[in-house]
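All remarks here apply to the structure that follows.
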Amino acid sequence: MAWWLAKSEPDVYSIEDLKREGTTLWSGVRNYQARNYLRSMKVGEKLFFYHSVVNPVGIAGIAEVCSIAEPDPTQFDPTSEYFDPRATVDAPRWFCPRVAFVEAFDYVLPRKELMERPELEGLELLKPRSRLSVQPVSEEHFRLLYSWAKDRAKQ
DNA sequence: GCCAACGTTGGC
DNA sequence: GCCAACGTTGGC
């Protein structure tokens with residue numbers, strides 16, 4: 001069982017969009033390391049849904065893998081901004097799992113607050129200039145972050 | 001297989 | 001909008 005964090009710009013796709021739609025294909029990732037993480041995700045694994053390029057940036061909720069990675073359809077679509085002319089149906093390059101909405105936090109955990117927590121030492125997200133849009137999170141960090149989100153929502 | 005140029009990411 | 005860091009591309 002692994003734990004994850006995936007980034008999305010809420011102007012493009014937010015936790016509220018996922019709440020409304022129920023599930024979505026996590027398509028459009030075009031980085032090999034992130035792709036490898038997406039391919040290793042198993043049904044039932046949880047992801048933090050992180051809002052990037054917004055004020056404030058932070059962890060906005062939770063999603064869950066509901067089906068394992070399949071070829072990302074946007075790579076074959078010439079009208080998509082994620083079209084990859086080097087990909088073919090027989091030899092796809094990009095893969096994406098389907099994820100389901102679990103919850104939207106009442107209190108979005110701001111990145112700024114996370115950076116003040118020494119307990120989060122080693123969290124990929126907080127490493128300087130970490131850019132990966134899909135990252136593993138340790139179970140310990142996942143539980144810690146989840147309980148902080150809950151506690152802050154009560155305040 | 002090196003490496004310079006280029007494009008992208010993403011916090012600020 | 002800036003810009004540092006990083007990944008990718010492609011000529012050699």
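Letters A, B, ... mirror the listed sequences (proteins, then strands); counts begin at 1. In this text, all values refer to a predicted model and were calculated from it rather than measured experimentally.
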Separation of A:Glu124 atom CD from C:dA5 atom P, in whole Å?
16 Å
Quick one about A:Arg30 and A:Thr74 (side-chain donor to acceptor, distance below 3.5 Å, no hydrogens or angles considered), yes or no?
yes
Answer yes or no: is there an ion pair linking A:Lys150 with A:Asp106, defined by an N-O contact shorter than 4.0 Å?
no
Can you say whether a donor on the side chain of A:Arg131 sits under 3.5 Å from an acceptor on the base of B:dT8, or the other way round?
yes
When you check the phosphate oxygens OP1 and OP2 of B:dT9, does a side-chain N or O of A:Lys7 lie under 4.0 Å from one of them?
no
Counting only side-chain nitrogens and oxygens, does A:Tyr82 get under 4.0 Å of the OP1 or OP2 atom of B:dT8?
no
Rounded to whole Å, the CD-P distance (A:Glu113 to B:dG11) equals 16 Å
Choosing from C:dT9, C:dG7, B:dG11, which nucleotide comes nearest the side chain of A:Val53?
B:dG11
Take the protein atom CD of A:Glu9 and the nucleotide atom C1' of B:dC12, then report the distance between them rounded to whole Å.
15 Å
For A:Gln33 and C:dT8, what is the distance between atoms CD and P respectively, to the nearest whole Å?
9 Å
Atom CD of A:Gln135 to atom P of B:dT9: distance rounded to whole Å?
15 Å
Send over the distance from A:Leu114 CG to B:dG10 P, rounded to a whole Å.
16 Å
Rounded to the nearest Å, what distance is computed from the OH atom of residue A:Tyr32 to the P atom of nucleotide C:dT9?
6 Å
Between P of B:dG11 and NZ of A:Lys127, the distance in whole Å
16 Å
Under 4.0 angstrom, heavy atoms only, what part of the nucleic acid is A:Arg30 near: base, sugar-phosphate, or nothing?
nothing
Does A:Arg117 make a cation-pi contact with A:Trp148, if we ask for NZ or CZ under 6.0 Å from the ring centre and within 45° of the axis?
yes
Stepwise side-chain hydrogen bond (donor to acceptor under 3.5 Å, both in side chains) check, A:Trp3 with A:Glu45:
CA-CA 6 Å; A:Trp3 308 80; A:Glu45 290 182 345; over 6 Å; no
